[in-house]
Amino acid sequence: MPQTQTTISVFLKDGSKKEIPAGSSGLDLAKSISNSLVKKSIGLLLNGESKDLLTVLKDGDKVEIITQDDPSSYEFLRHSTAHILAEAVQNIFKGARIAIGPVIEDGFYYDFEIPNHKLTPDDLVKIEKEMQRLIDEDQKFIRVNIQDVSKQIKEFKSQGEKFKAELLEEHKNENPTLYVLEDKSGNPVWNDLCRGPHITSSKQVKAFKLLSVSGAYWRADETKESLQRIYGTSWWSKEELDAYLHKIEEAEKRDHRKLGRQMELFSMHDETGPGLILWHPNLAFVRSQMENYWRELHQKNGYEIVYTPHIARTDLWNISGHNEFYKENMFYMNVDQQDYVLKPMNCPFHVLIFKSTRHSYRDLPIRMAELGTVYRYERSGVMHGLARVRGFTQDDAHIFCRKDQYVEEIKGVIKLVDLMYKGFGLEYFAELSTKPKDAIGAKESWDFAETGLEQALKEYGLAYKINPGDGAFYGPKIDFKLKDALGRIWQGATIQLDFNLPNRFELKYTEKDGSQEQPVMVHRAIYGSLERFAALLIEHFAGAFPLWLSYKQVIILPITDRQIDYANKIANLLKEKNIRAHVDERAESVNAKIRDAQLEKIPYMVIVGDKEVKENNISIRMRKKGDTGTTTIDKFIELLLNEISQKII
RNA sequence: GCCGAUAUAGCUCAGUGGUAGAGCAACGGUUUUGUAAACCGUAGGUCGUCAGUUCAAGCCUGACUAUCGGCUCCA
C-alpha cells in the first residue's frame, strides 16, 4: 500500500533537521519550536529569500525564522507600514493613485498622485490617525497569485491605477502577486501589487510616524508625472521609535548650517547670490589647517604644487570638451568681445602646464596638485549649506604617468587618502565604479583602466564594493565614502581615470626608444571640496573641533580682575609656543565665562584665581571632561603640544 | 529646474486686517564673583523685494528673490 507522506523535513539555521507535518507554514514551524519564538517571529529566510511567515514549507527547505531582533525584520515592518499608509491615503483622498512604496534606511516612503490636493503637514496628522484606525482593525496581509494578468491590468486601469497597471505589465512574466488586506470578517478592503514579503497583521505595527511630504517623479524621471511623496518610519516598539526620533534631533543639532550661524563659522548672502560661501575667521582657521596639512602631506608624497587662474578663454574649454559636455554647468562672461569661462575644473590648466614642456619617460610620473577654486552652475533647488555650492575649492591633483606606473600610482593615492583621513579620525570605505552605458573611449582603454584600479585596491588590501555602470563617461573611478560620528555617509575622495583629455590635448612623452607615447592621466581629490569636507568636520565633531583644528585652543578665565595680569602672563607663555590662547577679561562671573567658553566649544579652559596666582599654577577645565584639577604651566604646555602634534581627536 | 513649505530685531521665535513684541546677543552702569547664565537700564525693525486689494496690510492676492524638505544632478 503506497504511503502518503505526512511529514516533511526542513533544515534550520544551525543546520539541524526538523520533521514537521506536510502543509506546515513557517509560523507552524515556529510554534513547534517555542512559544516565545512565535511571539517574535516576523518572516522567513527561505532558501536564502525573504518570505512571508505564513509561506507553506516544502520538504528539504532551508528555513531561518526572522524575529524582531533581526535587523532584516524591519523590512517586513516598514514595507507593510507603507501599504497601510497607502490604504489610509486612498481612504481619505478619493481618487488618489498609488505609485511605489519602498523601504529606505530607517523608514519607508510611498508616492501618490492625488488630483486636486496638495498634501500639507496637517494632512500627515490626519493620515496617521487613519493608519492607526486600520492598524487597530487588525487587518490581515494576504498574498494572492495573479492568475489572469491581463484581467488584473484591466482592473487596475478601470480603477485609475495607471502606475500599478504599468508595473504589472512590466513584471507580468515574474509570477506577480497581489497583497490583499482583509478586515476581521475576512472581507478584502484594499490591495496592492507587491512582491512582498509582509508581516501577517496590521496590528504588528506598534510604533510609526510620518515624517515629511515632498515631491518626486514617477520613475525618477522629470519628464514624467509629478508625484507627492510621504516619508515615514516604523519600529517594533515606542522606545525604538523615540530613540530614532531622538537621533534625528541630535543630527539636527549638528547640522553644519545651524552650527555655522551659532558658532560664526560662515555665512551666505542674498547680495552675493546662492551657493557662494563667506568663510568667517573661525572656519577660515579650520580651513587653513586643512590646507597646511594637505600641503605638507602632498609635498612629502611627491606632488608639486601649482596655481592656475580662475578664468580662461572659451577656446580652452572647446579643446577640453567642457564647452560641449559641461555647458549647462558653466558661468560665461564676455569682456572686450572675448568669451571667457569661469573654470568649473582645474584639469585643462594642469594639462597645459604638462604640455608646455617636452617630457621624457624618465620625467614621469608627474604629480601636479592645486587647491583650485572652481565655479559650477548648480540648479537652484540643489544648494545645501557648505555641502553643495556653486563656488568651491577642490584639493585637485593630476598624475601623468606611464602605463607601467599606473597601478603603483593608484596605490600611492590610496595610501595618501588613508594618511590624510587619519588626521581627522575618520573611517571610510571604497567603491569602484565601472563603465557606464554612454561611455566614450575604446574598450581596451576601459579594460586597462578598470583592471588597473581593481588591482591597485587588491594589492593595497582595501575592501571595496563595485558599482557597475556608475563611472564617469570618460573613465572609471574609485570613490571613498566617509562615515561620520552618527554613521552617516559622505562623499569623500575620488580617483578618476581620464582618457579624454590626453587625447584632446594630444599629450605625449618620449619613450626609451624615441617613440611618442600618450601618458595615462589620473584625476584625484582627497578632501573632495574644502567646503563639503568642512561641513563633514563640523557635523562629525558637532562643532567641537580637535585641538589642532580649533581656532581658539585655550581660553584663560580669571576669577576676578585681580588675576588679569597673571592670566595675560600665561596667555603670552602659551602664545610663545604657538598655542592660540585668549583671556576672557569681561566683568562676568566665572560660571558665565565657563558657560560661554563651553558653548564656543573651546577645548581647554584655564581658570586662575588668587590661589593659582599664589601657588604659580593653573586650574584646567577640559571641554570634554570638565574640571581636571590644577597643574603647572610647563606640564600643561607639554600636554597641549603633544596633543597638537599627534593630532589627537 | 521640478513638487511642497517658509521668510518679523544680529540669533531663536510670538504676533488671524486697526499704534510691531519676548528671550538671548549688543551697548551703558552697578557687582569682583571658584568650575554651565549676577542685577538694572538703553538702543535696535520700510515685517525678504516689488506690485495689487482695502478707509486701513506684518496679516489677504500676484510676481520675483532667498532659504528649508525632497526629486533630479553632483565635489
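Quick note on labels: first sequence line is chain A, next is B, and so on, each numbered from 1.
Residue contacts for A/Asn591: at a heavy-atom cut-off of 4.0 Å it reaches the sugar-phosphate backbone alone, with no base atom in range. Contact annotation for A/Ala587: base contact, defined as any heavy-atom pair under 4.0 Å involving a base atom. Contact annotation for A/Lys611: base contact, defined as any heavy-atom pair under 4.0 Å involving a base atom. Within 4.0 Å of A/Asp596, counting heavy atoms only, lies no atom of the nucleic acid at all. Using a 4.0 Å heavy-atom criterion, one finds that A/Asp270 contacts the sugar-phosphate atoms exclusively. Heavy atoms of A/Met383 sit under 4.0 angstrom from primed sugar atoms or phosphate atoms, though from no base atom. Using a 4.0 Å heavy-atom distance criterion, A/Glu612 is classed as a base contact.
Rounded to an integer number of Å, the gap from A/Asp627 CG to B/rU35 C1' is 6 Å. Here B/rU35 presents its P atom at 16 Å from CD of A/Glu588, a figure rounded to the nearest Å. Taking atom CG of A/Asp584 as the reference point, atom P of B/rU32 lies 18 Å away to the nearest angstrom. The distance from atom CZ of A/Arg595 to atom C1' of B/rA37 is 5 Å, rounded to the nearest whole Å. Remark: P of B/rA25 and CD of A/Glu600 are 13 Å apart, rounded to the nearest angstrom. For the pair A/Glu225 CD and B/rC3 P, the computed distance is 14 Å after rounding to whole Å. Residue A/Lys258 contributes atom NZ, which lies 19 Å from atom P of B/rU67 at whole-angstrom precision. Atoms CD (A/Gln228) and P (B/rC2) sit 16 Å apart, rounded to a whole Å.
Closest to the A/Arg257 side chain, of the nucleotides B/rU33, B/rG69, B/rA37, is B/rG69.
Salt-bridge formation is detected for the pair A/Glu222/A/Arg379: a Lys NZ or Arg NE/NH1/NH2 atom is positioned less than 4.0 Å from an Asp or Glu carboxylate oxygen. With respect to A/Arg257 and A/Asp255, a salt bridge is recorded, a charged nitrogen being found less than 4.0 Å from a carboxylate O. Under the 4.0 Å criterion applied to side-chain N and carboxylate O atoms, A/Lys247 and A/Glu250 are not assigned as salt-bridge partners. Between A/Glu291 and A/Arg287 there is a salt bridge, since a side-chain N of the basic residue sits under 4.0 Å from a carboxylate O of the acidic one.
Across the P atoms, B/rU33 and B/rG69 are found 48 Å apart, a figure rounded to whole Å. A distance of about 37 Å separates the C1' atoms of B/rG62 and B/rC24, rounded to the whole Å. B/rC50 and B/rC59: their P atoms are spaced 13 Å apart (whole Å). Atom C1' of B/rU72 sits at a distance of 9 Å from the matching atom of B/rG1, rounded to the whole Å. Rounded to a whole angstrom, the distance from the P atom of B/rU65 to that of B/rG29 is 48 Å. For the P atoms, the distance linking B/rG4 with B/rA63 amounts to 12 Å, nearest Å. The separation of B/rG48 from B/rC68, taken at their C1' atoms, amounts to 15 Å, rounded to a whole angstrom. The P atoms of B/rU6 and B/rA43 are separated by 35 Å, rounded to the nearest whole Å.
Defined by atom type and a distance below 3.5 Å, a donor-acceptor pair is missing between the side-chain atoms of A/His398 and A/Asp498. Remark: the A/Asn568 side chain and the A/Glu585 side chain contain an N/O donor-acceptor pair separated by less than 3.5 Å. A/Glu539 and A/His256 share a side-chain donor-acceptor pair at under 3.5 Å.
Between A/Gly385 and A/Thr560, the residue whose closest nucleotide on RNA chain B is further toward the 5' end is A/Thr560. Two residues, A/Leu599 and A/Ser226, neighbour RNA chain B, and the one matched to the more 5' nucleotide by heavy-atom proximity is A/Ser226.
Using a distance-only test at 3.5 Å, with no hydrogens or angles considered, a donor-acceptor pair links the side chain of A/Glu161 to the main chain of A/Ile98. Under the 3.5 Å distance criterion, the side-chain polar atoms of A/Ser234 are left unmatched by any main-chain donor or acceptor of A/Phe208. A/Lys593 contributes a side-chain N or O that, together with a main-chain N or O of A/Pro558, makes up a donor-acceptor pair within less than 3.5 Å.
A cation-pi contact, defined as under 6.0 Å to the ring centre and within 45° of the axis, is absent between A/Arg78 and A/Phe108.
Aromatic rings of A/Tyr604 and A/Phe636 (six-membered ring for Trp) have centroids within the 6.0 Å cut-off, being under it.
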Quiz prompt | Contact letters for nucleotides 70-75 of chain B, in which S counts primed atoms plus P, OP1 and OP2 and B counts the base, heavy atoms under 4.0 Å | solution = BBBBBB
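Across all non-hydrogen atoms, the minimal contact from A/Tyr377 to A/Glu328 is CD2-O, 3.4 Å.
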Practice problem: Kindly express the pairing pattern of RNA chain B in dot-bracket notation, using | wherever a base pairs with another strand and counting only Watson-Crick or G-U pairs under 3.5 Å. | Solution: (((((((..((((....[..)))).(((((.......))))).....(((((..]....))))))))))))....
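Results of the side chain to side chain contact (heavy atoms under 4.5 Å, CB included) test with A/Lys343 over A/Phe331, A/Trp317, A/Tyr375 single out A/Trp317 as the only residue that passes.
Residue A/Ser619 places a side-chain atom within donor-acceptor reach of the base of B/rU35, judged by atom type and a 3.5 Å distance cut-off alone.
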Grab the N/O contacts between the protein and nucleotides 6-13 of chain B below 3.5 Å, and write none if there aren't any.
unit_1, atom_1, unit_2, atom_2, d
B/rU12, OP1, A/Arg261, NE, 3.0
B/rU12, OP1, A/Arg261, NH2, 3.2

